**Student:** 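Could you have a look at this structure, given as C-alpha cells, before my questions?
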Amino acid sequence: MRFSVLASGSTGNSIYIETDGYAFLVDAGLSAKRMEQQLESIGRSMKQVNGIFVTHEHSDHIKGIGVLARRYGMPIYANRKTWTAMDGLVGEIPTEQRFHFDMESVQSFGTLEVQSFAVSHDAADPMFYVFHEADRKLALITDTGYVSDRMKGHIQGADAFVFESNHDVSMLQMGRYPWSVKRRILSDVGHVSNEDAAVAMSEVVALKETRIYLSHLSKDNNMKDLARMSVSQTLQTCGIVTGEHVHLFDTDAEKPTELVTV
Ligand SMILES: [Zn+2]
Ligand SMILES: [Zn+2]
C-alpha cells in the first residue's frame, strides 16, 4: 500500500492511502478546493477516491467533507455518534453515501483491511484507523490526550506510523494561550506532547524498518526541528537510536509528504 499525509496540523488534516484496487482518504480537513490541489500535487485525483473515513467532527478534520461528498458522490464512513455530531456542520449528505464504521471494528476493501480504534479526545466518539495489507501495517493516531495500552495494542509493530506530536510542554505553558485552552490541550482528552508521544512510540515500534511521521504539530506551541529533536532524544533514552531502523519524517500544514510504499 502507498500513502501520503496530505496536510497535518490544527489548520487541517487529511491522509491519502491507496492499494492497487482502492484509494481512500482519512479525514478531509481542508476546503474541497485545497483537498483537490493537495491530491493533484502527488499525482492523484479526487475522482479516484473510493471513500473517506472520518475520525471525529472537529473542523480541522471535516471541513471539506460536505462539498467533496456532494461533488464526487463517494461514500463517507463514520461511527454513529460522529455522524450525529457532524450533521449541521457538513450540510446535506445523501443517505446512500452515509456509511457506518463502528468503533473497534474491521472493514475490508479487496486486499485492504481497515480497523478502527478509540482514542481519548474531546469529540463525540473519536477514533483512528489501522490499515493492513498482506503483512504490511500503517497506523494513524493523532488527536488523543494520551496513548493507552489498548491503543498501543492496536498500533503495535506498524511499518509506518502517522503519530501525533502536538506540542512542546514548556512552549505551551509559557505561551499566549489562555489557561483554559492550555488545560484542555494538556488534559487526557486533548493532544499528546512530543515527549509523551516518543515514550509511546518506543513501546510500539518493532525491530524492523519503521517510518514515523510526526503529525498534528501545533503552530504556536511546537516547531518541526524541536519536535524531531525531542522525540529523537526521548526515543534514545528508551534505547532507540533514530536513523538506524526507526526513521522520523516531518509533516506539513501546506505540503503533502511524498507518496511512499509501506
Ligand atoms: Zn485535529
Ligand atoms: Zn480534534
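These numbers come from a predicted model, not from an experiment. Numbers here are sequence positions counted from 1. Atoms within a ligand are numbered from 1 in the order they appear, just like the ligands themselves.
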**Student:** Which residues pass the ring-ring contact (aromatic ring centres under 6.0 Å, His included) test with Tyr16, sequence neighbours left out?
**Tutor:**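 Residues passing ring-ring contact (aromatic ring centres under 6.0 Å, His included) with Tyr16: none at all.
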
**Student:** Kindly give the atom name of the N, O or S atom of His216 closest to the Zn ion (ligand 1).
**Tutor:**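 Sorting the N, O and S atoms of His216 by distance to the Zn ion (ligand 1) puts NE2 first.
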
**Student:** Mind counting the protein N, O or S atoms sitting less than 2.8 Å from the Zn ion (ligand 2)?
**Tutor:** 4

**Student:** For His167 and Asn221, which I'm curious about, is there any donor-acceptor pair between the side chains at under 3.5 Å?
**Tutor:** no

**Student:** Apply ring-ring contact (aromatic ring centres under 6.0 Å, His included) to His154 and list each qualifying residue two or more places apart in sequence or on a separate chain.
**Tutor:** Phe117

**Student:** Would you compute the distance between atom CZ of Phe131 and atom CD1 of Ile15 and round it to the nearest 0.5 angstrom?
**Tutor:**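 Taking CZ in Phe131 and CD1 in Ile15, the distance rounds to 8.0 Å.
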
**Student:** Mind listing the closest non-hydrogen atom pair of Pro126 and Met103 along with its distance?
**Tutor:**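 Answer, listing the atom of Pro126 first, then Met103: O-CE, 3.4 Å.
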
**Student:** Going by atom type alone, with no hydrogens or angles, which donor-acceptor pairs under 3.5 Å involve a side-chain atom of residues 253-262 and a protein atom two or more places apart or on another chain?
**Tutor:**
from	atom 1	to	atom 2	distance (Å)
Thr257	OG1	Val5	N	2.8

